[in-house]
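Given the structure is predicted, the values throughout are model-derived calculations rather than measurements.
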Amino acid sequence: MTPPDLDLTTPKPGHHPLRDRALALDRRLFEAAADRHWPGADPVLPRLGRGARHGALWFAAAAVLSASRTPRARRAAARGLASMGLAALTVSTVGKCSVRRSRPLLAAVPSARWLRRQPVTTSFPSGHAASAAAFATGVALESPAWGAAVAPVAASVALARVYTGDHFPSDVLAGAAVGAGAAFAVRGLVPTRGQVVPPPRPRAEVPALLRGEGLVLVANTASGTADRARALREALPDAEVVECAPGDVSAGLEEAAGRARVLGVCGGDGTVNTAARIALRAGLPLAVLPGGTLNHFAYDLGVEDVRDLARALRQGDAVRVDVGRYSCGGRQGVFLNTCSVGVYPELVRERERWAHRVGGWPAGVLAALRVLRTGRHPLEAEFQGRTRPLWLLFAGNGTYHRMGLASGRRRDLADGQLDVRVVHGGRRPAARLLAAALAGPLTRSPAHAAVQVGRLRLDHVAPGTLLAYDGEVTEVEGRVTLEKLPEALTVYRPIAGY
């Protein structure tokens with residue numbers, strides 16, 4: 001049997017005096033808000049209250065944020081919605097069931113403010129206020145600028161709940177507290193990028209380009225860089241921007257390096273890898289503007305958009321970072337993010353075979369199914385003095401740290417370490433790979449191992465073995481050496497304020 005609603009607004013005999021006074025004050029505040037007429041509020045606040053039903057207003061706000069096409073805004077929208085979902089779940093399953101509080105009497109409020117559809121749930125806490133506070137707080141934790149834009153709307157929604165007579169002030173305050181707490185709980189599970197700021201060292205002496213003079217930036221047109229290239233020209237009018245088709249990017253970077261003081265690149269990790277190799281050979285500092293589907297290096301560096309890069313270029317802020325290098329026979333290559341052999345390069349190659357037929361995501365799923373069902377080990381090599389079958393050997397350029405449920409990020413791009421993760425061969429490869437992904441940096445396990453070293457050598461690698469580096473794939477055999485080039489590359493990144 002459902003317990004009867006309790007009217008907590010009227011002090012009752014035997015109640016604690018402090019609680020009685022608080023409830024009486026809550027009622028007086030509600031009555032004062034009901035008696036007061038706020039110019040311009042009647043046509044606005046009730047509409048906001050209706051629009052926020054079932055989170056519709058916040059879904060629309062998230063769509064607006066996502067339409068801005070900046071990574072920070074998209075993450076802010078996703079974080080806001082996740083926070084709102086957790087807050088709504090908490091209010092409906094805990095808050096409303098724990099305190100059976102009756103709604104205020106509508107007679108105390110002018111009928112012009114009443115909502116067409118009156119709520120039927122109990123009053124404490126306010127679900128609208130919880131959702132509004134959760135969305136606004138979640139957005140602000142990821143992007144303070146967007147949070148400042150959303151906060152007045154969220155505050156107005158919360159205020160509307162009292163103004164229309166649907167909640168007492170304490171209901172709204174409690175709901176807002178639940179919403180803010182939900183946003184911080186989500187941040188604990190999935191940290192914001194601002195929580196992991198790479199250290200501003202080792203500092204590098206580079207020219208400050210107030211208007212972009214001396215910067216030649218090559219943009220890969222296949223990465224959807226037109227808007228970013230246009231924004232860079234507006235921010236740094238003296239910079240030169242060269243747009244190249246994917247097949248011409250390498251030649252364009254070589255030509256740009258011959259006349260640039262600073263070599264710039266806009267594209268995904270593969271394009272940035274090519275630019276880093278050329279910048280190393282030419283002895284030029286590198287300016288990276290993320291523009292592709294994967295931008296791990298730029299994001300770990302702290303550069304997410306044109307504003308970040310332009311600020312670093314104007315102020316002359318740069319650091320030296322490590323570069324990874326693989327060697328096999330007479331061939332060498334560099335990597336800024338990761339290098340791997342085993343099942344992952346096989347997945348990349350298989351996905352490329354199917355992507356043009358079925359699309360990117362379906363091709364990835366199909367590739368995983370085909371590779372993991374083969375029953376053979378993609379790699380057999382001598383590792384740490386023992387020849388063994390391996391499903392995967394992953395080497396990161398710098399140590400990857402996991403925070404909460406988020407994927408790993410590098411806190412230091414100049415730590416001198418290769419972060420090596422190995423999944424040993426054996427039965428049930430999918431389960432082994434999943435266990436390795438969830439376990440993080442375990443140092444010893446029957447299924448996988450993790451070590452941090454400055455140099456790694458693989459011997460007796462079979463001919464035709466695939467090696468992937470920053471999304472590119474090549475074939476290796478015999479002896480493969482992975483090593484670090486400490487502080488070899490100078491890269492612009494915003495430092496002021498850290």
- In this structure, which one of Arg311, Arg493, Arg203 forms a salt bridge (Lys or Arg N to Asp or Glu O under 4.0 Å) with Asp317? Arg203

- Message: Within the structure provided, determine whether Cys266 and Leu217 are in side-chain contact (heavy-atom separation under 4.5 Å).
- Response: yes

- Test applied, side chain to side chain contact (heavy atoms under 4.5 Å, CB included); reference residue, Leu236; option that passes from Leu209, Val306, Leu215: Leu215

- Task: Measure the shortest side-chain to side-chain distance between Gln452 and Val420 over non-hydrogen atoms and say whether it is less than 4.5 angstrom.
- Result: no

- Would Phe297 and Asn397 count as a side chain to side chain contact (heavy atoms under 4.5 Å, CB included) if you check the C-alpha gap in whole Å, the side-chain angles of each, and the deciding distance to 0.1 Å? CA-CA 10 Å; Phe297 178 70; Asn397 178 31; 5.5 Å; no

- Message: Can you confirm whether Phe184 sits close enough to Leu141 that some side-chain heavy atom of one is under 4.5 Å from a side-chain heavy atom of the other?
- Response: yes

- How would you list, by chain and number, every residue that makes a side chain to side chain donor-acceptor pair (under 3.5 Å) with Arg230, sequence neighbours excluded? Asp227

- Please say which of Leu313, Asp308, Leu301 ends up in a side chain to side chain contact (heavy atoms under 4.5 Å, CB included) with Pro494. Asp308

- Test item: side-chain donor near acceptor, His296 and Asp269, under 3.5 Å: yes

- Do the side chains of Arg187 and Glu142 get nearer than 4.5 Å, heavy atoms only? no

- Going from CG on Asn337 to OH on Tyr299, what distance comes out if it is rounded to the nearest 0.5 angstrom? 12.5 Å

- Message: Going by side chain to side chain donor-acceptor pair (under 3.5 Å), name the residues that satisfy it together with Arg314, two or more places apart in sequence or in a different chain.
- Response: none

- Task: Could you tell me whether the side chain of Arg72 and the main chain of Glu304 form a donor-acceptor pair under 3.5 Å?
- Result: no

- Message: To the nearest 0.5 Å, what is the distance between CG on Leu393 and OG on Ser340?
- Response: 8.5 Å

- So do Tyr492 and Val262 actually touch side chain to side chain, heavy atoms under 4.5 Å? yes

- Message: Suppose we screen for side chain to side chain donor-acceptor pair (under 3.5 Å). Which residues come up paired with Asp415, at least two apart in sequence or across chains?
- Response: Thr399

- Message: Checking Leu65 against Arg74 for the side chain to side chain contact (heavy atoms under 4.5 Å, CB included) test, could you report, in this order, the C-alpha distance in whole Å, the side-chain angles of both residues, the deciding distance, and whether it holds?
- Response: CA-CA 6 Å; Leu65 291 178; Arg74 288 195 294 266; over 6 Å; no

- Message: Looking at Asp419 and Arg421, is there a salt bridge between them, counting it only when a charged N and a carboxylate O are closer than 4.0 Å?
- Response: yes

- Item | Heavy-atom donor-acceptor pair, Lys484 side chain to Gly324 backbone, under 3.5 Å | no

- May I have all residue pairs that pass ring-ring contact (aromatic ring centres under 6.0 Å, His included) and include part of residues 129-156, sequence neighbours excluded? Trp58-Phe135

- Please identify each residue that fulfils side chain to side chain donor-acceptor pair (under 3.5 Å) with Arg211, with sequence neighbours left out. Asp238

- Message: Can you tell me how far apart CG (Asn295) and OG1 (Thr271) are? Round to the nearest 0.5 Å.
- Response: 9.5 Å

- Check: Val323 and Leu336 side chains under 4.5 Å, non-hydrogen atoms: yes

- Would you say the side chain of Leu413 lies within less than 4.5 Å of the side chain of Val319, judging by non-hydrogen atoms? no

- Item | Thr137 side chain vs Ala134 backbone, donor-acceptor pair below 3.5 Å | no

- Message: Any side-chain to backbone donor/acceptor pair from Ser92 onto Ala88? Under 3.5 Å, distance only.
- Response: yes

- Residue pair Arg411 / Tyr400, side-chain heavy-atom distance below 4.5 Å: no

- Can any side-chain N or O of Asn273 pair as donor or acceptor with the backbone N or O of Asp470 at less than 3.5 Å? no

- Query: Between Arg233 and Arg228, is there a donor-acceptor pair closer than 3.5 Å when you use the side chain of the first and the backbone of the second?
  - Reply: no

- Return the set of residues passing ring pair (Phe, Tyr, Trp, His ring centres under 6.0 Å) with Tyr469 (not counting sequence neighbours), or none when no residue passes. Tyr326

